[in-house]
Amino acid sequence: MLRMLIIGPPGCGKGTQADRLSRHLGITGVSTGDVFREHVKNLTPLGRDVKAHLDGGDLVPDGLTNRMVRDRLDQDDVRDGFLLDGYPRNTSQLAELDTMLTAIGQSLDVALQLTADDTELVRRVLQRATLTGRSDDTEDVIRHRLRLYYRETEPVAAMYSARGILLSVDGMGSEDEVFDQLLAALRESFPSAVPD
Ligand code: AMP
């Protein structure tokens with residue numbers, strides 16, 4: 001049973017790897033981006049509040065994001081482990097996650113980071129845009145999201161690294177290669193939690 005999260009720049013395949021990992025490890029995956037997109041699609045009040053931020057590639061304000069994550073982490077299916085995908089995105093969300101977990105007597109076991117090279121990322125995201133029609137997959141927006149990642153989210157990885165719980169894996173291989181490397185890295189630290 002693991003409590004973990006995954007961090008990586010837009011376009012690095014983080015969502016796909018998070019889905020595969022949570023299935024493989026038998027823990028619940030929670031993607032903040034997916035939850036927000038679902039709200040936008042269903043035209044909920046939260047969806048209306050966050051749509052412009054998603055479309056512009058901006059971060060949703062911390063208040064809305066933290067509340068949504070707190071509600072999600074209150075549910076039964078995450079009691080025995082979870083994989084957070086896309087949260088925390090900045091150091092104030094990191095502090096908030098610490099507070100949430102402490103309040104329920106839990107702590108994070110590991111933070112995974114996928115690393116990637118910018119030119120390849122822009123190429124991948126533009127390719128994805130033709131497949132998914134995601135409103136935040138245009139070249140200007142992807143460059144903006146990358147800048148935000150380096151400014152806001154890299155410091156999150158640095159803080160987990162300082163705590164000794166960061167595992168970094170090169171995200172530029174094929175989907176299977178990256179998945180295998182993630183499993184290998186996890187297995188080294190948590191042999192009993194990672195099935196073959
Ligand atoms: P993702 O699917 O993780 O790339 O997230 C898509 C979009 O959802 C981001 O560009 C943000 O607009 C929003 N989002 C997802 N997670 C967060 C978060 N932790 N804080 C703020 N905004 C977020």
Side-chain angles (χ1 to χ4, degrees), residues 3-22 28-74 78 82-101 108 111-116 118 120-129 131-160 171 175 178 182:
R3 298 192 176 92
M4 56 195 283
L5 54 85
I6 187 162
I7 296 171
C12 73
K14 168 176 72 69
T16 309
Q17 297 295 341
D19 284 346
R20 285 184 68 173
L21 271 180
S22 55
T28 302
V30 176
S31 155
T32 46
D34 281 352
V35 175
F36 285 139
R37 277 186 289 276
E38 200 57 29
H39 277 276
V40 170
K41 198 172 88 195
N42 295 332
L43 303 171
T44 67
L46 177 62
R48 276 197 293 276
D49 286 344
V50 303
K51 182 176 184 337
H53 301 290
L54 262 73
D55 288 350
D58 286 312
L59 293 184
V60 171
D62 287 344
L64 291 175
T65 305
N66 291 332
R67 199 170 321 130
M68 187 273 275
V69 173
R70 183 177 300 111
D71 288 347
R72 188 65 190 83
L73 292 185
D74 248 359
V78 292
F82 56 77
L83 171 53
L84 274 176
D85 163 11
Y87 182 91
R89 282 282 227 277
N90 59 31
T91 54
S92 104
Q93 292 181 6
L94 184 156
E96 193 63 27
L97 178 62
D98 283 344
T99 307
M100 287 178 215
L101 291 177
L108 206 59
L112 298 171
Q113 181 186 33
L114 287 177
T115 57
D118 280 14
E120 175 63 12
L121 286 177
V122 174
R123 195 191 66 73
R124 282 191 188 191
V125 175
L126 292 179
Q127 190 184 30
R128 179 172 76 188
L131 301 172
T132 64
R134 256 177 70 159
S135 58
D136 55 356
D137 279 351
T138 63
E139 181 151 3
D140 282 353
V141 174
I142 167 70
R143 290 198 188 283
H144 177 58
R145 290 170 66 211
L146 269 173
R147 274 194 299 274
L148 270 184
Y149 176 78
Y150 291 115
R151 195 179 74 208
E152 303 285 331
T153 312
E154 276 276 341
V156 170
M159 287 178 84
Y160 287 133
E175 188 188 311
V178 175
L182 284 168

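Counting convention: from 1, in listed order, for ligands and their atoms alike. FYI, the numbering just counts along the sequence from 1. Only heavy atoms go into these numbers, but all of them, side chains included; no hydrogens, no water, no symmetry mates.
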### Message
As a quick check of understanding, evaluate side chain to side chain donor-acceptor pair (under 3.5 Å) for Tyr149 and Asp118, giving each step before the final call.
### Response
CA-CA 11 Å; Tyr149 176 78; Asp118 280 14; over 6 Å; no
### Query
So which residues, sorted by chain and number, lie with a heavy atom under 4.0 Å of ligand 1?
Lys14, Thr32, Gly33, Phe36, Arg37, His53, Leu54, Asp58, Leu59, Val60, Thr65, Gly86, Tyr87, Arg89, Gln93, Arg134, Arg145
### Summary
For Asp34, the salt bridge (Lys or Arg N to Asp or Glu O under 4.0 Å) test, sequence neighbours excluded, returns Arg37
### Task
Evaluate the criterion side chain to side chain donor-acceptor pair (under 3.5 Å) for residue pair His39 and Asp49; output intermediate values, then yes/no.
CA-CA 10 Å; His39 277 276; Asp49 286 344; over 6 Å; no
### Partners passing side-chain hydrogen bond (donor to acceptor under 3.5 Å, both in side chains) against His53 (at least two apart in sequence or in another chain)
none
## Note on the structure
Residue set satisfying side-chain hydrogen bond (donor to acceptor under 3.5 Å, both in side chains) with Arg123, at least two apart, ordered chain then number -> Glu120
### Task
Flag the pair Asp19 / Thr16 as yes when at least one side-chain heavy-atom distance between them is below 4.5 Å, and no otherwise.
no
